[in-house]
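As structure tokens, the structure follows; a few thoughts come after it.
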Amino acid sequence: MSGARFYVTTPIPEPALTLLRAAGSVELPEELPDAARLREVCLSGDYDVVVSQLRDTFDADLLTAAKIRGISNYAVGFNNVDIGAATANKILVGNTPGVLTDATADVAMLLIMATARRAVEADTFVRSGKFTGWEPNLLLGQDVSGSTLGLAGFGRIARATARRALAFGMQVLFCPRPPGDRPVPDAELGEFAGLVTHTDWDTLVTTSDFLSLHVPLNEQTRHLVDADVLRAMKPTAILVNTARGPVVDETALVAALKSGEIAGAGLDVYEDEPSLAPGLAELPNTVLLPHVGSATVAVRSEMARLCAENAVAMAQNRIPPHPVNPEAWTG
Ligand SMILES: NC(=O)c1ccc[n+]([C@@H]2O[C@H](COP(=O)([O-])OP(=O)(O)OC[C@H]3O[C@@H](n4cnc5c(N)ncnc54)[C@H](O)[C@@H]3O)[C@@H](O)[C@H]2O)c1
């Protein structure tokens, strides 16, 4: 088909651009559009589908006025789009699930290991020229093997993290839908039956040595980890967040890390990216990554391919392979 019109807000790798160009025309701006330019694009009537990324915000006001058929998000998360408003306005939204699961679980594990074993402090120490040879009390950390990992959420990335944690000899607890949920039948646990333990939210929080977050950001999960939760965690516990920043009250986290309510935090995401809560960057008991959970060459290419496939389907008035709101399809 020709004639589909795509606006791609951020450069995406091949084969995605070839797929899009085979289906129509592609406009790729030199810079990420600001809110005003994104609004112009969406209201112009010149584009069928916007291929977007997490920094492009589509709120209800924009979606109500927009003259586009779809938004193909270059991410598995879609908290940058008001899905209810998109659906109400018959705008399909697509995402890129699955292809970034292992890469993101690798980063969750990396943060667990790096925080427990103080890898960043140790690296800084060596580079500073202070290393004078083996010293028995130097930079003592925590054991990962034999410790308890609590997973908030038990979807794709949490399960991939559980697989890694079990291989590292960790006990794995999970709470699929905090706070509290129906028990998960063994049949739904598949390969994990008998290997991981379903707990309620309070047990997860109070018994985990490592609490790793794998829930989407929505109104129920915003500040899921707040001052009360941090206070209830073990003083030796480490919080790991590869989900979304606002799932944690970052100001409360800084206070908890300073006062010793918890021992450390490994973060890939922040409440108000790219800003950090005051004091966070100065804390030695943190490992801070710049939202690189899915950042591998191969994963980006696969994400872009899914994104293009979603976009082409939307432009051709088909249900995309990975729809977030299939009910928005008008047939
Ligand atoms: N750091 C990164 O670069 C990066 C990369 C990929 C994904 N992510 C984040 O990780 C999240 C999880 O990805 P996934 O592929 O595992 O998603 P998923 O949909 O497979 O799993 C989400 C889990 O959260 C649970 N959940 C859903 N709604 C909930 C609610 N209201 N309250 C509590 N729990 C709820 C689900 O039951 C499920 O167990 C994404 O939404 C995204 O925000 C981050």
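Numbers for residues simply follow the sequence, beginning at 1. Predicted model, so just to flag it, every value in this text is computed and none were measured.
Looking only at distances, no side-chain donor or acceptor of N325 sits under 3.5 Å from a matching main-chain atom of E327. A donor-acceptor contact shorter than 3.5 Å links the side chain of T96 to the backbone of A75. Under a 3.5 Å cut-off, the side chain of R69 and the backbone N or O of A315 do form a donor-acceptor pair. Here the side chain of W329 pairs a donor or acceptor atom with the backbone of N317 at under 3.5 angstrom. Side-chain atoms of E250 come within 3.5 Å of backbone N or O of E271 as a donor-acceptor pair. A donor-acceptor distance shorter than 3.5 angstrom exists from the side chain of R5 to the backbone of G45, with no hydrogens or angles considered. Panel note: side chain E273, backbone G245; no donor-acceptor pair is recorded below 3.5 Å. One N or O on the side chain of R300 and one on the backbone of S294 form a donor-acceptor pair closer than 3.5 Å. Of the possible polar contacts, none joining the D143 side chain to the S145 backbone as a donor-acceptor pair under 3.5 Å is found. The closest donor-acceptor contact from the side chain of T115 to the backbone of N285 lies at 3.5 Å or more, if one exists at all.
Across V50 and C42, no two heavy atoms sit closer than the pair CG2-SG, 4.2 Å. Taking each heavy atom of I319 and P326 in turn, the nearest pair found is CD1-O, 3.9 Å. Listed here is the closest heavy atom pair of A162 and L151: CB-CD1, 3.8 Å. Heavy atoms only, all atoms of each residue included: L20 and A311 are closest at CD2-CB, 3.8 Å. The minimum heavy-atom distance linking H322 with P97 is given by the pair ND1-CG, 3.5 Å. Of all the heavy atoms in V107 and L289, the pair that sits closest is CG1-CD1, 3.8 Å.
Counting heavy-atom neighbours within 6.0 Å of E31 CD, excluding the residue itself, gives a total of 12 or less. Remark: R55 CZ is loosely packed, at most 12 non-hydrogen atoms of other residues, nucleotides or ligands lying under 6.0 Å away. Heavy-atom neighbours of F168 CZ from other residues, nucleotides or ligands within 6.0 Å: at or below the threshold of 12.
Both V8 and M303 sit in one connected hydrophobic cluster of ILVMFWY residues. Membership requires side-chain heavy atoms under 4.5 Å apart, directly or through other members. A chain of hydrophobic side-chain contacts below 4.5 Å, direct or via other Ile, Leu, Val, Met, Phe, Trp or Tyr residues, connects Y270 to V225. Both L43 and I91 belong to a single network of hydrophobic side chains, linked directly or stepwise wherever heavy atoms of I, L, V, M, F, W or Y lie under 4.5 Å apart. In the hydrophobic cluster analysis, where Ile, Leu, Val, Met, Phe, Trp and Tyr join through side-chain heavy atoms closer than 4.5 angstrom, I12 is grouped apart from I68. I157 and L166 fall into different hydrophobic clusters, where Ile, Leu, Val, Met, Phe, Trp and Tyr are joined by side-chain heavy atoms under 4.5 Å apart, directly or via other members.
Under the side-chain contact (heavy atoms from CB on, under 4.5 Å) test applied with D268, the options T104, V292, V287, V240 reduce to a single match, V292. For the side-chain contact (heavy atoms from CB on, under 4.5 Å) with P246, the lone residue among D272, L217, N218, L224 that qualifies is L217. Of the residues T242, T221, V247, the one that meets the side-chain contact (heavy atoms from CB on, under 4.5 Å) test with L213 is V247. For the side-chain contact (heavy atoms from CB on, under 4.5 Å) with V324, the lone residue among V76, V81, I83, I71 that qualifies is I83. Of the residues D209, I112, L173, V196, the one that meets the side-chain contact (heavy atoms from CB on, under 4.5 Å) test with L149 is I112.
A 4.5 Å side-chain heavy-atom check between R231 and D228 finds at least one atom pair inside the cut-off. You'll find the side chain of R164 reaches within 4.5 Å of the side chain of D102, heavy atoms only. Two residues are said to be in side-chain contact when any heavy atoms from C-beta on lie closer than 4.5 Å; V51 and N310 fail this criterion. Annotation: side chain of L92 is in contact with side chain of P320 (closest heavy-atom distance under 4.5 Å). Side chains of L54 and N73 form a contact here, defined as non-hydrogen atoms less than 4.5 Å apart. L280 places a side-chain heavy atom less than 4.5 Å from the side chain of L267. Using a 4.5 Å heavy-atom cutoff, the side chains of Q53 and L32 are in contact. A heavy-atom distance below 4.5 Å is not found between the side chains of M233 and S208.
For the atom pair NE2 of H198 and CZ of F192, the computed distance is 14.5 Å after rounding to the nearest 0.5 Å. Separating the CZ atom in R118 from the CG atom in D123 is a distance of 13.5 Å, to the nearest 0.5 Å. In this structure, the separation between OH on Y74 and CG on L306 is 10.5 Å, given to the nearest 0.5 Å. Annotation: the span from L111 atom CG to D106 atom CG amounts to 11.0 Å, rounded to 0.5 Å. How far CG of L138 is from NZ of K130: 11.0 Å, rounded to the nearest 0.5 Å. Here the CG-CG distance, from D56 to L62, works out to 10.0 Å after rounding to the nearest 0.5 Å.
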Practice item. With side-chain contact (heavy atoms from CB on, under 4.5 Å) as the test, would you mind laying out the steps for I262 and L257 before giving the verdict? Key: CA-CA 6 Å; I262 68 168; L257 287 165; 3.8 Å; yes

Review point. What do the steps show when you test L276 against L288 for side-chain contact (heavy atoms from CB on, under 4.5 Å), and what is the final call?
Key: CA-CA 10 Å; L276 305 188; L288 308 177; 4.1 Å; yes

**Study point:** Step-by-step side-chain contact (heavy atoms from CB on, under 4.5 Å) determination, V172 to L195
**Key:** CA-CA 8 Å; V172 179; L195 298 176; over 6 Å; no

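Ionic pairing of R37 and D34 is not present here: no N-O contact between side-chain nitrogen and carboxylate oxygen is shorter than 4.0 angstrom. A salt bridge does not link D59 with R39: every distance from a Lys NZ or Arg NE/NH1/NH2 to an Asp or Glu carboxylate oxygen is 4.0 Å or more. We find that E191 and R159 are not joined by a salt bridge, their nearest charged nitrogen and carboxylate oxygen being 4.0 Å or further apart.
Below 30°, between 30° and 60°, or above 60°: for Y7 and Y47 the angle between ring planes is above 60°, a perpendicular geometry. Classification of the F174-F154 ring pair by plane angle, with boundaries at 30° and 60°, yields parallel.
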